[in-house]
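Report on one structure; see the data block that follows.
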Amino acid sequence: MAEAATAEAGRDFIRDIIQADLDSKKHTQIVTRFPPEPNGYLHIGHAKSIALNFGIAQEFAGRCHLRFDDTNPTKEEQEYIDSIQADVRWLGFDWGGHLYYASDYFEQLYQWAELLIQNGLAYVDDQSQEEIRVNRGTLTEPGKNSPFRDRSVEENLDLFRRMKAGEFQNGARVLRAKIDMAAGNINLRDPVLYRILHAHHPRTGQAWSIYPSYDYAHGQSDAIEGITHSICTLEFEDHRPLYEWLLDKLPVPAKPRQYEFARLNLTYTLLSKRVLTELVRGGHVNGWDDPRMPTIAGLRRRGVPPAAVREFVKRIGVAKANSVVDVGMLEFCIREELNRTAPRRMAVLRPLKVVIENYPEGQSEQIEAVNHPDDPAAGTRTLHFGREIYIERDDFMENPPKKFFRLSPGNEVRLRYGYFITCREVVKDAAGEIVELRCSYDPATRGGNAPDGRKVKATMHWLSAQDAVPAEIRIYNQLFQKPAPEAANFAADLNPQSLEVLTGALVEPSVAAATSAEPMQFERQGYFVRDRDSSADRLVFNRTIGLRDTFAKEVAKG
RNA sequence: UGGGGAAUGGUGUAAUGGUAGCACAACAGACUCUGACUCUGUUUGUCUUGGUUCGAAUCCAGGUUCCCCAGCCA
């Protein structure tokens, strides 16, 4: 399943720092961590972080821990803990035995909190949430000290222990670090270390009624695990002084360093957890693994190979400048990987019946087709050919423009691996809709070449009417119709055409026989993968991505 | 002068005082039993103003623009 990750040592400022730390002997082994909060599914932005942290561990012969930052039981669920592990594995990374939870350290964290109190560095604040907010000041005005800031160590200890014992209601009190209410950096204005939360925790159950904040738990967890380089995104840059303050005041076993990089942004895509969650809960998509979702689960279901995701995050690099990557870059990586690996098959998405009038009734034959034009080792397969076939509706035009090379009245084209055919007659129904084409074929062109050397300008895919298998095919387009959708009002930017379901499609028998979810190229169409909605009597395929289509671009230009 | 960060083609990212490179995109062409793939070529860039230097994307000074921070979220 999870193939081995083969990250190469691409260079970036973080790897430069690590190399320097190794060279100077500051560290002899590098330890990183990927610390997701289990409150949602992983998305492609996380893939960047995962590849960075696990990739660094591989390249520098260190290790990378998977640590769940489970400090807020009101938002976290076991479902997410499970999906995150599955997604990291699918991406091809392995944490070995190093699976941890911040909740593993709750007792130690608590003891250290008492120590802070004893050293006069933390106090219990009885102010309401509102009072704390008001007294924190603003971006340009300093805050005011809490009236409870100078309680005695004994009183603080007593109160904190009673908070732990569950004596108080949610929000009644918090434990705060005593730093500086006038600090320009708001994170240093006596940040909250513990809050009262009477909630069921996925791992510790009802054992605790107080929970550490991210700021308090994260750095200490890093230290406990011996993390050398704690890599996070830019918005935590302001937290670094607090991260270091805590590490400095506590008897931690190590002093990890925090480094920040710019998170991934993609055109036509929103990656905020809030939006993703609302997309799912609001029914705008069909679950976290809807193929239109930028989640890892969505990409997987859509048929995107993990190697393509890895290649993508490698290509975009790691830097400190905010940026928005063109989603076309991701699409390129997907096509590149799939073109290399996907076996070729034929499928007709919108069938148009063709009767080859001069092909003898009742006759049929077997035709050999290659599975991959660039890989002879992929072998061949047999296709059935007969008098009645189906071609793609888009491949016929009754009144074609000049540059249309496909089938049209009187025009000769090649059926891939089959024969040259020429359109003789267009059959329409009462409504004027084209329902059938009458064509003739040249028996001498079997296999696709004319002995007289004449050329055709188009080669088309086709399926024998006799053994084509019905299938449903789901075509996905961008979930958002604007390059830069607005997170605040994302519903307005949703693309109403993001999902198109083709129920009358046909696939060749070998496609129907495939049981695994391996990606395939339907020739001239794109890459497809069998969806899990398939059953014994119903075939469903997702289009992972279409082939590049320069003809469509030409048409669009007019 | 609240604090913290960032500015290199359309996009992303290199160059660590010495020829501004790579990839994607775009455009043009070649090839082709997939209008795919592949190949060839082209266009486009150092935020700004000064300074230091033989030489500046890089160092210095000023300016401009953008991003983050006022959760008992992470």
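Note on naming: letters A, B, ... go to the chains in the order of the sequence lines (proteins, then strands), and numbering restarts at 1 for each one. Here the structure is a predicted model, which means the values were calculated and not measured.
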Out of B:C69, B:U13, B:U34, minimum distance to the side chain of A:Ile186 belongs to B:C69
Below 4.0 angstrom from OP1 or OP2 of B:G35, is there any side-chain N or O of A:Thr459?
no
| Does A:Thr71 make a side-chain N or O approach to OP1 or OP2 of B:A74 shorter than 4.0 Å? | yes
Can you see if the side chain of A:Arg195 gets near the phosphate of B:G71 - specifically, an N or O under 4.0 Å from OP1 or OP2? no
Inset, instruction - For A:Lys403, report the nucleic acid contact type (base, sugar-phosphate, nothing); a contact means any heavy atom under 4.0 Å. - result: base
From NZ of A:Lys455 across to C1' of B:U32 the rounded distance in Å is 10 Å
| task | Looking at every strand, decide which applies to A:Val324 at a 4.0 Å heavy-atom threshold: base, sugar-phosphate, or nothing. | result | sugar-phosphate
Open item on the list: Looking at the base of B:U13, is there any donor atom on it, or on the side chain of A:Arg315, that sits under 3.5 Å from an acceptor on the other one?
Closed with: no
Salt bridge (charged side-chain N to carboxylate O under 4.0 Å, His left out), that's the test. Do A:Arg281 and A:Glu278 meet it? Break it down for me.
CA-CA 5 Å; A:Arg281 299 212 171 131; A:Glu278 282 184 40; over 6 Å; no
Query raised in the report: Any salt bridge between A:Asp190 and A:Lys178, counting N to O under 4.0 Å?
Result: no
Can A:Phe551 be called stacked on B:G35 when the rule is centres closer than 5.5 Å and an angle between planes below 30°?
yes
- Message: Counting only side-chain nitrogens and oxygens, does A:Arg548 get under 4.0 Å of the OP1 or OP2 atom of B:C37?
- Response: yes
query: Is any side-chain N or O of A:Gln525 under 3.5 Å from a base N or O of B:U34, one able to act as donor and the other as acceptor?
result: no
Dot-bracket assigned to RNA chain B with the 3.5 Å Watson-Crick/G-U criterion, [ ] for crossing and | for other-strand pairs, is .((((((..((((....[..)))).(((((.......)))))....(((((..]....))))))))))).....
**Asked** Within the modelled atom types, does a donor on one side and an acceptor on the other bring the side chain of A:Arg524 and the base of B:G35 under 3.5 Å apart?
**Response** no
Closest to the side chain of A:Tyr214, out of B:A74, B:C69, B:G5, is B:A74
Per atom distances to the A:Val192 side chain, the nearest of B:G2, B:C72, B:U34 is B:C72
* Asked: Which part of the nucleic acid does A:Phe236 contact within heavy-atom distance under 4.0 Å: base, sugar-phosphate only, or nothing?
  -> base
Worksheet item: Within the structure, does a side-chain N or O atom of A:Arg136 lie under 4.0 Å from either OP1 or OP2 of B:C72?
Response: yes
Do the two ring centres, one from A:His201 and one from A:Phe106, sit under 6.0 Å apart?
yes
- prompt: Could a donor-acceptor pair under 3.5 angstrom be found where the side chain of A:Asn185 meets the base of B:G4?
  reply: no
- Describe the nucleic acid contact of A:Val174 in one word from base, sugar-phosphate, nothing, applying a heavy-atom distance below 4.0 Å. base
> For the base of B:A36, is there a side-chain donor-acceptor partner from A:His461 under 3.5 Å away?
Replying inline: no
Of B:G35, B:C27, B:A6, the nucleotide closest to the side chain of A:Ala321 is B:A6
> Within the pair A:Ser213 and B:C73, is there a side-chain N or O less than 4.0 Å away from OP1 or OP2?
Replying inline: no
Check your understanding: What integer number of Å spans the C1' atoms of B:C69 and B:U13?
Key -> 28 Å
